[in-house]
Amino acid sequence: MNACSGGAAKLEHRNTETPETPVKLTRFLFALLLMAGLAAGPAAAQEAVPRIDEAEAIFGQALSAFEAEDYGLAARRFRFVYDSYPLHRKTTAAILMAGKALYRAGDPQAAIDLLTEFQRAYPTSSYLDEADQTIRFAREALDTREDEPIQLGIALPLGSQDAAFTQTLFNGIRLAVDQHNRQAERRVRMVFRNTNNTAVGARNAVAELAGGADVIVGPLYSEEAEAAAVAAERAGVVLVAPLATDETVSAGRRYVFQANPTITARGAQTARRAVQELGVRRVGIVAEEGNSISERMAEGFEEEARRLGADVVFYELLPGPRAWADLTERVDESALRAAEAVYMPVSGRTAQSQIERVLDGFERLGVLPRILGNSEFRDLPFRDQASDFGVLYADDFHVQESDAVRIFRQNYRQLADRDPDRLAYVGYDVTRFLLAQLVRDDREPLPAAMRAAGRYQGLGMDIDFREGNANTALFFLHYRDGRTVLEN
């Protein structure tokens with residue numbers, strides 16, 4: 001233990017080394033910096049890395065916290081030193097000390113993740129031996145914990161308004177944990193914290209769980225999830241928001257994931273399917289102005305369609321729900337006839353009637369473009385008409401009857417005395433996916449393992465993080481002969 005922490009004081013005297021690979025500079029800029037330093041000699045190379053007084057002061061605070069054994073605070077302050085400033089003379093020392101603090105704070109995996117990246121980024125650093133030593137200690141600590149239960153943190157609201165949602169999601173999580181504990185050697189222990197349905201409550205709940213949890217599921221909504229994400233990222237613990245659709249929850253973060261595809265991603269994925277799979281080259285887009293879901297899906301679709309080389313022949317923003325019935329009067333007829341497909345992301349209580357009115361208008365005009373839609377197109381009562389237009393829609397939730405589904409439904413009825421709904425399947429699928437990554441044999445960091453896992457096929461949802469920390473797995477269904485057919 002002393003061998004791991006002994007470098008704390010002497011780092012203060014050694015931290016003026018020239019870092020070999022900057023955290024925030026591109027390789028090109030660093031190459032220029034390196035060439036300039038080599039041309040002018042070692043002294044010039046040293047001077048090329050600036051001293052930042054504010055960073056030096058915060059480094060001193062972090063070192064004091066480390067020596068006072070307040071390792072959580074130390075890790076956060078060291079991280080601020082290397083994450084909030086351009087390359088400077090304390091950058092490498094702060095990364096090393098942050099790794100040591102994380103290990104001492106009881107998070108050996110986060111220490112391994114950070115210091116392994118440090119070794120890749122700074123391959124000739126004089127701190128490599130100390131990083132190796134800390135990684136070795138951290139791995140030994142992980143080995144001793146292999147027989148300990150996996151700590152599954154759950155951060156959900158318990159207020160009267162959300163109690164039913166929380167209970168349903170939790171029931172799904174519980175069934176996944178029960179199944180795991182019957183089959184696996186390493187058991188799972190659930191630890192629950194109430195978010196109080198507020199941003200502050202969510203942040204505090206995650207901060208409390210982060211000290212011991214291997215992974216955290218929750219909170220429910222985007223506003224809470226965004227606040228929780230800040231705490232999870234700061235603590236270096238993986239958090240999976242099961243329902244949040246706002247891109248800001250996981251954007252730019254390493255440890256925060258969204259199991260529910262974002263709104264813009266749904267539009268982009270639909271455009272990709274239309275252009276790459278269906279061969280559509282000319283598209284029209286219709287969205288409802290002021291309806292953020294409709295607008296954002298349309299924006300995602302347009303951006304991806306144009307990126308893939310499709311021609312957007314019209315983009316109509318309707319002033320409100322009633323304007324869908326007048327679409328054929330608002331868009332020039334020649335543009336309607338030129339479009340091979342029309343993307344119509346509808347949203348709201350009257351979505352299905354809006355769809356029907358548009359299709360009626362197209363029929364009266366005598367045009368039959370391929371209609372592309374979102375999950376509001378699920379279970380349309382006018383299936384024959386939808387089949388005539390070859391309606392294709394993206395959905396984030398789809399249950400296909402199988403033995404596994406029947407067993408889950410039976411177990412859920414025994415637990416809750418009713419059939420499972422979407423939230424129950426989400427809780428089950430997200431937890432099963434996470435546990436599969438946590439018990440893998442390799443030592444790949446959990447965030448990297450989640451992104452490399454490929455497409456996970458759940459009972460009601462699929463999960464795919466290969467394109468980033470927001471799930472991109474969607475189901476595509478189309479209407480044919482009066483029924484819906486899954487294309488995936």
Side-chain angles (χ1 to χ4, degrees), residues 264 266-291 293-348 350-378 380-395 474 476-485 487:
T264 53
R266 296 166 193 245
Q269 290 291 92
T270 305
R272 193 176 302 178
R273 177 59 64 105
V275 175
Q276 294 181 333
E277 301 295 329
L278 302 180
V280 173
R281 308 307 302 172
R282 299 185 305 279
V283 298
I285 303 172
V286 186
E288 187 178 321
E289 190 174 12
N291 184 320
I293 293 177
S294 181
E295 286 182 336
R296 288 159 62 197
M297 282 189 188
E299 290 167 0
F301 182 96
E302 179 192 28
E303 181 177 352
E304 185 67 6
R306 291 189 187 279
R307 188 188 72 80
L308 294 173
D311 181 20
V312 178
V313 295
F314 68 86
Y315 191 134
E316 185 71 17
L317 274 178
L318 302 174
R322 295 183 179 180
W324 288 91
D326 304 326
L327 177 63
T328 54
E329 299 173 13
R330 293 175 176 274
V331 179
D332 186 79
E333 183 177 335
S334 62
L336 289 173
R337 295 188 182 279
E340 298 172 297
V342 177
Y343 182 52
M344 296 170 35
V346 296
S347 177
T350 61
Q352 289 193 349
S353 65
Q354 294 164 9
I355 297 168
E356 186 174 21
R357 288 170 183 170
V358 172
L359 299 189
D360 288 343
F362 283 158
E363 286 184 340
R364 287 193 298 270
L365 193 61
V367 296
L368 287 172
R370 184 75 179 262
I371 301 298
L372 309 173
N374 55 324
S375 59
E376 298 283 9
F377 282 71
R378 183 196 306 145
L380 294 177
F382 39 94
R383 292 169 176 258
D384 289 334
Q385 186 182 33
S387 299
D388 292 340
F389 284 87
V391 167
L392 174 81
Y393 68 95
D395 206 339
L474 291 168
F476 285 92
L477 301 99
H478 71 266
Y479 284 89
R480 179 194 298 166
D481 301 325
R483 59 191 180 90
T484 55
V485 179
E487 285 200 345

Student check: side-chain heavy atoms of [X] and [Y] closer than 4.5 Å:
| X | Y | result |
| --- | --- | --- |
| Val358 | Met344 | yes |
| Ile355 | Trp324 | no |
| Arg383 | Thr484 | yes |
| Glu487 | Leu477 | no |

Any idea which heavy atoms bring [X] and [Y] closest together, and the distance?
| X | Y | value |
| --- | --- | --- |
| Ala394 | Leu474 | CB-CD1, 4.2 Å |
| Ser387 | Gly482 | OG-N, 2.9 Å |
| Gly290 | Glu295 | N-OE2, 2.8 Å |
| Pro345 | Ala298 | CG-N, 4.1 Å |
| Ala339 | Gly284 | CB-N, 3.9 Å |

As an exercise, state the distance from [atom1] of [X] to [atom2] of [Y], rounded to the nearest 0.5 Å.
| X | Y | atom1 | atom2 | value |
| --- | --- | --- | --- | --- |
| Ile371 | Asp388 | CD1 | CG | 11.5 Å |
| Arg273 | His478 | CZ | NE2 | 11.0 Å |
| Leu392 | Tyr343 | CG | OH | 10.5 Å |
| Leu372 | Leu278 | CG | CG | 7.0 Å |

> Is Glu277 paired with Arg272 through a side-chain N to carboxylate O contact shorter than 4.0 Å?
Replying inline: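 Here Arg272 does not pair with Glu277 in a salt bridge, since their nearest N and O are not under 4.0 Å apart.
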
> Any salt bridge between Arg306 and Glu302, counting N to O under 4.0 Å?
Replying inline: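 Between Glu302 and Arg306 there is a salt bridge, with a charged N closer than 4.0 Å to a carboxylate O.
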
Quick one: does any side-chain atom of [X] pair with a main-chain N or O of [Y] as donor and acceptor, under 3.5 Å?
| X | Y | result |
| --- | --- | --- |
| Asn291 | Ser347 | yes |
| Ser353 | Thr350 | yes |
| Gln352 | Arg378 | yes |
| Asn374 | Val346 | yes |
| Arg282 | Ala338 | yes |
| Glu289 | Leu317 | no |
| Arg281 | Gly309 | yes |
| Thr264 | Arg296 | no |

> Does one side chain, of Gln269 or Glu304, offer a donor that lies under 3.5 Å from an acceptor on the other?
Replying inline: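 Per modelled atom types, Gln269 and Glu304 side chains form no pair under 3.5 Å.
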
>> Restricting to ring-ring contact (aromatic ring centres under 6.0 Å, His included), what partner residues turn up for Tyr393, sequence neighbours left out?
In response: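 If we apply the ring-ring contact (aromatic ring centres under 6.0 Å, His included) test to Tyr393, skipping adjacent residues, the hits are Tyr479.
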
>> Going by ring-ring contact (aromatic ring centres under 6.0 Å, His included), name the residues that satisfy it together with Phe389, two or more places apart in sequence or in a different chain.
In response: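 Per chain and number, Phe389 pairs via ring-ring contact (aromatic ring centres under 6.0 Å, His included) with no residue.
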
> Is the number of heavy atoms from other residues, nucleotides or ligands under 6.0 Å of Glu363 CD greater than 12?
Replying inline: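 Atom CD in Glu363 is packed in, count exceeds 12.
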
> Is the number of heavy atoms from other residues, nucleotides or ligands under 6.0 Å of Leu359 CG greater than 12?
Replying inline: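 Yes, CG of Leu359 has more than 12 neighbouring heavy atoms, counting only those of other groups under 6.0 Å.
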
> Would Thr270 and Phe476 satisfy side chain to side chain contact (heavy atoms under 4.5 Å, CB included), going step by step from the backbone distance to the final call?
Replying inline: CA-CA 8 Å; Thr270 305; Phe476 285 92; 3.9 Å; yes

Show me the side-chain donor-acceptor pairs of residues 327-336 shorter than 3.5 Å, one per line, residues at least two apart or across chains.
residue: Asp332; atom: OD2; partner: Ser334; partner atom: N; Å: 3.0
residue: Asp332; atom: OD2; partner: Ser334; partner atom: OG; Å: 2.1
residue: Glu333; atom: OE2; partner: Arg337; partner atom: NE; Å: 2.9
residue: Glu333; atom: OE2; partner: Arg337; partner atom: NH2; Å: 3.0

>> Using the rule given for side chain to side chain contact (heavy atoms under 4.5 Å, CB included), can you reason through Val342 versus Ile285, listing the C-alpha separation, both sets of side-chain angles and the distance that settles it, and then say yes or no?
In response: CA-CA 6 Å; Val342 177; Ile285 303 172; over 6 Å; no

> Does the pair Gln354 and Arg322 meet the rule for a side chain to side chain contact (heavy atoms under 4.5 Å, CB included), with working shown?
Replying inline: CA-CA 8 Å; Gln354 294 164 9; Arg322 295 183 179 180; over 6 Å; no

>> Between Phe314 and Val286, is the side chain to side chain contact (heavy atoms under 4.5 Å, CB included) condition met? List the steps.
In response: CA-CA 8 Å; Phe314 68 86; Val286 186; 3.8 Å; yes

